[in-house]
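The structure presented is a predicted model; accordingly, all values stated were derived computationally and were not measured.
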Amino acid sequence: MFVYGSQYYRRPQPDEHWEQDLSRMADMGFNTVKVWPMWNNCHLDEDEFDFEAVRNFIENAADHDLQVHISVVLENAPHWLAERHPEARYTDQDGVQVDLQARPNTPSGGWPGLCLNHEPIHEHGERFLRALGSEFADVDAVAHYATWDEAHFEPNKYYPEKRFCYCEACESSFVEWVRNRYGTLESVNDAWEWTLTDWDQIKPPRYFGGYPRHLDWLRFRLDNHQELMQWRASVLREAAPNSTIRAHGIGGNLGDIVHRFNDDWESATTVEEWGTSSFPGTLEGIASNDDIGSELTRQLITLDVARGAAQGRRFWQTELQGGHLTGGTGEDLWGLTRGSVPTSSEMALWNWNALMSGAKGILYWQYRPEILGPESPGFGLVRRDGEPTERTAVAERFATLVTDHDELEAADPVQGDLAIGLISEAPLFNYVAEQDVDQFRRTVHGAYRALWDANYQIDFAKPRQFDEYDLVYLPFPLLCTEDQAEAFRDYVADGGTLITDGTPAVYAGTGHTFSRAPGYELEDVFGAKLVESRYVGDHQLELMGAPVEAAGRRDVYELTNGNSLGQWTDGGVGAVQNDYGSGTAITVGTLCGLAAGSGDRDRAPESLCELVSTFGLDPRVRVDHRAIRARIHEYDDGYVLYVINTSASSKRTTISVDALVDGVTKTLGDVAVVTDTDGFDVVVEGRAGGAIVI
């Protein structure tokens, strides 16, 4: 079943409207409603739980044939638990503890929870998980449990100037993690370049400075997050064995991994289904801009990252913005300041984006506007009195669409023309070196935008997935581990084409600079060695016949076995191609993706796409109008071709798709096929989308 519905229940919640709202949801074609049983509202004492309100709501939902998705929230701890264990409050780098409070996403208090590395907190959290799972284990309407709603570490997000957590339990856990990683103090000293004489001397870094210890601290935090993900899933799976266990990440999950400690690829392995949130309300001036392609791309990249992280699992658009933004999200809105109300065109495009990405479920955040805190009265599909809006009409149309056309659920995106490769060390290193992840984030986004503008179908992949693709574009590989370097070598040797956006392995996994780069003996793979990194300035790299502005780095190479692909304007080789084994390795001495996302937006994307085309492939789906985007899905009985128009006016264009021979079965949405001979001549309405079933 394609899941379509909305978030609804979370304290505070006006129960007098349940019958009206649930009835209308069912009439709109919704099949799912999402609820948040808040820990601090339901866990009244050690072994005392109150799920009566949650049960009443679930029974009401079942009466309207709505299945229920229960999201677990441990980021709002009971106040009695904080009072009994004050040592478990989250602690910042200066030793300041955070008291429980109300925040925009938890208006009924208890935020940001308590540190689950403390045994009593972990124990009581497990009691709550087991009680919640057991309470509704035999309720047919409860179809899914989500182990973590927007799985990330919240204190770092809401206090960007601070870093967490430096409580005693976290410090002790870090020491134990270091022991397990290195075994002996001698090995720690070798890796960190320190002179430690006792394990008690190991402390987590509180401020920026050296690389090795800080990198290990971030790795520890990521590992700790995954342990908690696995723990939540295991407890709920045991308590509610008949329900699907799932979770979802948070939009922006590429750039904020070191603040939010959410490596979605690892998190997704703990559950059966994965998803992401998406609040595209920062689309700027949709009423006045002619082409909103770059804004829509920001939503689609979030969805494509979630699809890649799902690694073949079903994935959902688990939170999609339902109304205007308030409450410190989007454009830094807060309290009384509010964003623009999404138009029906925006809502439709967001839905088409989700379908185009391969999502098998869409849940809005949320049905009724918020009623308390800085997020109120935002996000609602309906008005404050529950009356419908033009947005509810869009939601009803798409609920009917996905229900009436089974091929939309059955079809999946064909394997990408190429993959954008991701290594978790990239943002970690950017962070410890620059105190932010701006270069990494903008490099990935710029490369994605350039390739998507050329209508390449893009997947995201970790090194273990590289061998599924003929070509991998790897941004920001400056620091990598020996295992990752070996994966690069094997991928190229076995016939893959690897293009690195920046020189690979300039730094070892510990943070040490290699005396000869690329390190880990990758010089023979890439056919060159790094001679020097020059001041970026306003220099250009003549790459594949087009100038690229230097961005982030300006590396100069000495050729060994490779061939020059580009020269710097002040002399020196700036890009190299080399055949290795059965494949090809290409390294570029500047961050093309970063250049593509700033300055002259046409030059860098042109060179980047020329690289991919020359040494790899052309897009499987070709469109002759830049405002039109298309993506092909496949299922047992045929294909579904999704098409969106990012411009304000109706467009006619020709779409060519490799390996399609059958004619059009039907069209859905705001797209019409004029002819399907030698490609598809189609007309797409302005700021609209559709699907062509083939």
Asks: Got Thr147 and Met229 here, is their nearest side-chain heavy-atom distance under 4.5 Å?
Replies: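 Sidechains of Met229 and Thr147: in contact.
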
Asks: Of all heavy-atom pairs between Leu608 and Gly593, which one has the smallest distance, and what is that distance?
Replies: CD1-N, 4.4 Å

Asks: Do the side chains of Asp149 and Lys34 get nearer than 4.5 Å, heavy atoms only?
Replies: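 Yes, side chains in contact.
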
Asks: Under 3.5 Å, is there a donor-acceptor pair between the Gln366 and Ser6 side chains?
Replies: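 Absent: no donor and acceptor within the cut-off.
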
Asks: Any side-chain donor paired with an acceptor under 3.5 Å for Asp417 and Gln415?
Replies: no

Asks: Ignoring hydrogens, what is the shortest heavy-atom contact between Gly308 and Trp265? Give both atom names and the distance.
Replies: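 Smallest heavy-atom distance, with atoms named: O-NE1, 3.3 Å.
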
Asks: Do Phe279 and Phe379 have their ring centres less than 6.0 Å from each other?
Replies: yes

Asks: Hydrogens and angles aside, do Gln7 and Glu319 bring a side-chain donor and acceptor to less than 3.5 Å of each other?
Replies: no

Asks: State the CG-CE distance between Asn351 and Met356, to the nearest 0.5 angstrom.
Replies: 12.5 Å

Asks: Contact between Val621 and Gln457 at the side-chain level, heavy atoms closer than 4.5 Å - yes or no?
Replies: yes

Asks: What is the ring orientation for Tyr367 with Tyr8, classed by angle as parallel under 30°, tilted 30 to 60°, or perpendicular over 60°?
Replies: tilted

Asks: Given side chain to side chain contact (heavy atoms under 4.5 Å, CB included), test Thr276 with Val305 step by step and report yes or no.
Replies: CA-CA 9 Å; Thr276 188; Val305 168; over 6 Å; no

Asks: Any chance you could measure Glu150, atom CD, to Ile250, atom CD1, to the nearest 0.5 Å?
Replies: 4.0 Å

Asks: Hey, does the Lys NZ or Arg CZ of Arg314 hover above the aromatic six-ring of Trp274, less than 6.0 Å from the centre and inside 45° of the axis?
Replies: no

Asks: Does the side chain of Ile499 reach to within under 4.5 Å of the side chain of Thr587, using non-hydrogen atoms?
Replies: no

Asks: Taking all non-hydrogen atoms of both residues, which atom of Thr503 and which atom of Gly589 are closest, and how far apart?
Replies: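 Heavy-atom minimum between the residues: OG1-CA, 4.4 Å.
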
Asks: Going by atom types alone, do Tyr635 and Asp412 pair a side-chain donor with an acceptor below 3.5 Å?
Replies: no

Asks: Roughly how far apart are Gln299 CD and Asn353 CG, rounded to 0.5 Å?
Replies: 4.5 Å

Asks: Working note: Leu668 + Leu408, criterion side chain to side chain contact (heavy atoms under 4.5 Å, CB included); need CA distance, chi angles, decisive distance, verdict.
Replies: CA-CA 10 Å; Leu668 307 172; Leu408 300 185; 4.1 Å; yes

Asks: Just wondering, do Phe526 and Leu498 contact through their side chains at under 4.5 Å, heavy atoms?
Replies: yes

Asks: For the pair Phe2 and Asp406, evaluate side chain to side chain contact (heavy atoms under 4.5 Å, CB included) and give the outcome as yes or no after the intermediate values.
Replies: CA-CA 8 Å; Phe2 193 105; Asp406 294 340; over 6 Å; no

Asks: Would His445 and Trp452 count as a close aromatic pair, with their ring centres under 6.0 Å?
Replies: no

Asks: Treating Asn645 as the side-chain partner and Ser647 as the backbone partner, does any N or O pair qualify as donor plus acceptor under 3.5 Å?
Replies: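 Looks like yes, one N/O pair under 3.5 Å.
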
Asks: Less than 4.5 Å apart, side chain to side chain, heavy atoms only: is that true for Phe398 and Trp352?
Replies: yes

Asks: For the residue pair Glu272 and Thr244, confirm or rule out a side-chain donor-acceptor distance under 3.5 Å.
Replies: no

Asks: As a quick check of understanding, evaluate side-chain hydrogen bond (donor to acceptor under 3.5 Å, both in side chains) for Asp618 and Ser613, giving each step before the final call.
Replies: CA-CA 5 Å; Asp618 292 320; Ser613 178; 2.8 Å; yes

Asks: Restricting to non-hydrogen atoms, name the atom on Val683 and the atom on Ser650 that form the minimum distance, rounded to 0.1 Å.
Replies: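 Taking Val683 first and Ser650 second, the nearest heavy atoms are CG1-OG, 3.5 Å.
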
Asks: Verify the distance criterion only: is there a donor paired with an acceptor across the side chains of Asp459 and Tyr469 at less than 3.5 Å?
Replies: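 Yes, side-chain donor-acceptor contact under 3.5 Å.
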
Asks: Quick one: does Gln439's side chain get under 4.5 Å of Leu591's, heavy atoms only?
Replies: yes

Asks: With no hydrogens and no angle check, do the side chains of Lys651 and Ser649 hold a donor and an acceptor under 3.5 Å apart?
Replies: yes

Asks: Nearest 0.5 angstrom please: Arg620 CZ to Ser656 OG, how far?
Replies: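 So the gap between those two atoms works out to 13.0 Å.
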
Asks: Does the pair Asp501 and Tyr473 meet the rule for a side-chain hydrogen bond (donor to acceptor under 3.5 Å, both in side chains), with working shown?
Replies: CA-CA 7 Å; Asp501 197 344; Tyr473 194 90; 3.1 Å; yes

Asks: Answer with yes or no whether the side chains of Tyr364 and Tyr4 bring together a donor and an acceptor at under 3.5 Å.
Replies: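 Checked: Tyr4/Tyr364 side chains pair up, N/O donor to acceptor below 3.5 Å.
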
Asks: Indicate the atoms forming the closest heavy-atom contact of Thr584 with Val492, along with that distance.
Replies: N-CG1, 3.7 Å

Asks: The criterion is salt bridge (Lys or Arg N to Asp or Glu O under 4.0 Å); which residues satisfy it with Asp304, sequence neighbours excluded?
Replies: Arg307, Arg631

Asks: Using modelled atom types only, decide if a donor and an acceptor are shared between the side chain of Ser357 and the backbone of Leu303 within a distance under 3.5 Å.
Replies: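 No; zero donor-acceptor contacts below 3.5 Å.
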
Asks: Treating Asn430 as the side-chain partner and Phe476 as the backbone partner, does any N or O pair qualify as donor plus acceptor under 3.5 Å?
Replies: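 No, the answer is negative, given that no donor and acceptor are paired below the 3.5 Å cut-off.
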
Asks: Using modelled atom types only, decide if a donor and an acceptor are shared between the side chain of Arg260 and the backbone of Ala151 within a distance under 3.5 Å.
Replies: no

Asks: Would Gln321 and Ser278 satisfy side-chain hydrogen bond (donor to acceptor under 3.5 Å, both in side chains), going step by step from the backbone distance to the final call?
Replies: CA-CA 7 Å; Gln321 181 183 339; Ser278 180; over 6 Å; no

Asks: Could you check whether the rings of Trp316 and His144 sit parallel, tilted or perpendicular, using 30° and 60° as the cut-offs?
Replies: perpendicular

Asks: For Leu349 and Ile644, work out which heavy atoms get closest and say how close.
Replies: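 Taking Leu349 first and Ile644 second, the nearest heavy atoms are CD2-CB, 4.3 Å.
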
Asks: So does Val693 get a backbone contact from the side chain of Lys666, meaning a donor-acceptor N/O pair under 3.5 Å?
Replies: no

Asks: For a quick check under 3.5 Å, do Gln311 and Arg464 share a side-chain donor-acceptor pair by atom type?
Replies: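 Looking only at side-chain atoms, Arg464 and Gln311 do form a donor-acceptor pair, the distance falling under 3.5 Å.
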
Asks: Okay, side chain of Thr403, backbone of Thr400: is any donor-acceptor separation there less than 3.5 Å?
Replies: no

Asks: If you take the centroid of each ring, where Trp contributes its six-membered ring, are Tyr642 and His633 closer together than 6.0 Å?
Replies: yes

Asks: Sequence neighbours excluded, which residues qualify as side-chain contact (heavy atoms from CB on, under 4.5 Å) partners of Asp453?
Replies: Arg449, Arg626, Arg629

Asks: Distance check, rounded to the nearest 0.5 Å: Gln577 atom CD versus Met544 atom CE?
Replies: 9.5 Å

Asks: Among Thr654, Thr653, Thr675, which one satisfies side-chain hydrogen bond (donor to acceptor under 3.5 Å, both in side chains) with Asp681?
Replies: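 So the option named by the test is Thr654.
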
Asks: Roughly how far, to the nearest 0.5 Å, is CG of Asp264 from CZ of Phe460?
Replies: 12.0 Å

Asks: Would Asn563 and Asn578 count as a side chain to side chain contact (heavy atoms under 4.5 Å, CB included) if you check the C-alpha gap in whole Å, the side-chain angles of each, and the deciding distance to 0.1 Å?
Replies: CA-CA 6 Å; Asn563 302 308; Asn578 185 54; over 6 Å; no

Asks: Could you tell me whether the side chain of His405 and the main chain of Glu407 form a donor-acceptor pair under 3.5 Å?
Replies: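 Side chain of His405 to backbone of Glu407, a donor-acceptor pair under 3.5 Å: no, none is there.
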
Asks: Any donor and acceptor pair, going by atom type alone, linking the side chain of Glu273 with main-chain N or O of Ala247 inside 3.5 Å?
Replies: no

Asks: Take a 6.0 Å sphere around CG of Asp27 and say whether it holds more than 12 heavy atoms from other residues, nucleotides or ligands.
Replies: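 Yes, enclosed.
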
Asks: Side chains of Leu611 and Ile586: does their closest heavy-atom pair fall under 4.5 Å?
Replies: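 With C-beta onward as the side chain, the pair touches.
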
